[in-house]
Amino acid sequence: MTQFSYAHNDTSQGERVTPTAEFNRPHICAEIQALRKNAFARGIPTADDETLCFLQTFLSAFKPRKILELGSAVGISAAFMSDICKQAQITTIERDEAFYNEALQNFSQLGLGGRVTPVFGDVAEEIQKLDGCFDFIFLDCAKAQYVKYLPRLKQLLNDGGCLLADDVLLYGWITGETEIPKKRKMLAQHVNEYVQAVTNDGQLSTTIINAGDGLALSVKL
């Protein structure tokens, strides 16, 4: 499998402990939770409870009909979003072939073949091929590339659509809560560039959310 530039370990207990973590527990159906536990046990990246809790609350209110996910891993978050937004069509992109193949199996097992469209390939290339616009984009792939993807993601987002980027506080490195390891300084710099870009973009209204490992929610004006 691909060696990720961002350290993905077992996030079942949270990637970063926040004061609200004990309250933010998502409601996850048994089938998806079983797949999620299996992924955690193997150190496969999947969103922690706080991130999923925010997704569940936000998507329940926003009710997007067309969703794009960047970074499928083994398909847990796409399946979770599909369970919340039962009328939505979801496109999810993954570059790691082993993850992609496992996601295919998981989507089939969950009966999501008609509602989730998995795409195998590099995000930078695949987003250039997409037609139409999306109501909601979940950005959860190579963190160092977030800021490079932003111009195209803005094009792919409907007016009033929302872009949610995960892991934007990086263990507290971005806020200065914890010291950045020397070998991660470039990664932290790129993530900080994304945070600065979305919070200073006149076409977006953005808030940074202190949940999980940090979320950036941007609305296209």
Side-chain angles (χ1 to χ4, degrees), residues 2-11 13-21 24 43-55 57-58 67-73 77 92-96 99 122-128 134 136-157 161-221:
T2 302
Q3 293 298 311
F4 287 86
S5 59
Y6 173 58
H8 287 286
N9 298 313
D10 181 349
T11 58
Q13 302 304 313
E15 296 171 286
R16 171 174 165 267
V17 178
T18 69
T20 56
N24 291 327
I44 291 175
T46 188
D48 67 6
D49 278 357
E50 275 209 289
T51 299
L52 291 186
C53 189
F54 179 84
L55 266 177
T57 304
F58 176 76
I67 296 172
L68 172 63
E69 178 185 46
L70 308 179
S72 316
S77 52
T92 181
I93 302 173
E94 177 56 50
R95 69 178 184 180
D96 184 283
F99 284 170
D122 184 81
V123 166
E125 297 175 3
E126 298 303 326
I127 58 177
Q128 299 302 325
F134 296 86
F136 179 71
I137 299 175
F138 184 40
L139 179 56
D140 190 22
C141 53
K143 316 305 169 189
Q145 305 303 314
Y146 279 12
V147 71
K148 294 181 181 179
Y149 301 152
L150 182 59
R152 178 57 178 160
L153 297 184
K154 287 168 57 180
Q155 293 175 348
L156 290 171
L157 202 59
C162 295
L163 166 63
L164 182 68
D166 197 11
D167 303 317
V168 297
L169 297 183
L170 281 179
Y171 303 119
W173 298 343
I174 305 304
T175 56
E177 296 167 61
T178 57
E179 185 177 355
I180 305 170
K182 288 184 179 180
K183 65 179 181 179
R184 299 295 187 185
K185 287 187 181 297
M186 187 60 69
L187 171 61
Q189 178 182 323
H190 289 314
V191 173
N192 187 57
E193 287 170 358
Y194 178 84
V195 171
Q196 295 301 320
V198 293
T199 53
N200 290 285
D201 191 315
Q203 295 179 302
L204 301 172
S205 177
T206 298
T207 185
I208 305 301
I209 300 156
N210 187 21
D213 214 16
L215 300 163
L217 179 63
S218 303
V219 181
K220 184 175 178 180
L221 303 175

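Every heavy atom of this structure was used, including side-chain atoms; hydrogens, water molecules and symmetry mates were not.
Here the closest non-hydrogen pair linking Gly71 and Glu94 is C-OE1, 3.7 Å. Scanning both residues, Gly214 and Leu169, for their nearest heavy atoms gives CA-CG, 3.6 Å. The minimum heavy-atom distance between Ala216 and Ile208, with the atom names listed, is CB-CD1, 3.6 Å. In plain terms, the two heavy atoms of Ala197 and Val147 that are nearest each other are CB-CG2, 4.2 Å. Closest non-hydrogen pair, Cys162 versus Leu157, comes out as O-CD1, 3.6 Å. The nearest pair of heavy atoms linking Ile127 to Arg152 is O-NE, 2.9 Å.
Looking at heavy atoms from C-beta onward, Val168 lies out of side-chain contact with Ile174 at the 4.5 angstrom threshold. Contact check for Asp49 versus Asn24: no side-chain heavy atoms found under the 4.5 Å cut-off. Inter-residue side-chain proximity for Leu70 and Leu153 is flagged as met; some heavy-atom pair is nearer than 4.5 Å. The side-chain heavy atoms of Leu217 and Phe54, taken from C-beta on, include a pair separated by under 4.5 Å. Using a 4.5 Å cut-off on side-chain heavy atoms (C-beta onward), Leu55 and Phe136 make contact.
In this structure, the separation between OG on Ser218 and CG on Leu150 is 7.5 Å, given to the nearest 0.5 Å. To the nearest 0.5 Å, atoms CD (Glu69) and CD1 (Ile137) are separated by 11.5 Å. Rounding to the nearest 0.5 angstrom, the gap separating the CG atom in Asp213 from the NZ atom in Lys143 is 8.5 Å. In this structure, NZ on Lys220 lies 10.0 Å from CG on Asp201, to the nearest 0.5 angstrom. With rounding to the nearest 0.5 angstrom, the CZ atom of Phe99 is 10.0 Å from the OG1 atom of Thr46. Atom-to-atom distance recorded for Leu68:CG and Phe138:CZ is 11.5 Å, nearest 0.5 angstrom.
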Show, in sequence, the C-alpha distance, side-chain angles and deciding distance for Thr18 and Glu50, and conclude whether the side chain to side chain contact (heavy atoms under 4.5 Å, CB included) test is met.
CA-CA 9 Å; Thr18 69; Glu50 275 209 289; 2.6 Å; yes
Go through the steps for Leu164 and Leu215 under the test side chain to side chain contact (heavy atoms under 4.5 Å, CB included), then give the verdict.
CA-CA 7 Å; Leu164 182 68; Leu215 300 163; 3.9 Å; yes
Does the side chain to side chain contact (heavy atoms under 4.5 Å, CB included) test come out yes or no for Tyr194 and Thr199, once each step is laid out?
CA-CA 8 Å; Tyr194 178 84; Thr199 53; over 6 Å; no
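Side-chain atoms of Asp167 do not come within 3.5 Å of backbone N or O of Leu170 as any donor-acceptor pair. The closest donor-acceptor contact from the side chain of Tyr146 to the backbone of Asp166 lies under 3.5 Å. Proximity of a side-chain donor or acceptor of Thr206 to a complementary backbone N or O of Val198 within less than 3.5 Å is detected. Checked by atom type and distance alone, the side chain of Asn192 never pairs as donor or acceptor with a backbone atom of Ala188 at under 3.5 Å.
Other residues, nucleotides and ligands contribute over 12 non-hydrogen atoms within 6.0 Å of the NZ atom of Lys185. More than 12 heavy atoms of other residues, nucleotides or ligands shown are found within 6.0 angstrom of CD on Gln128.
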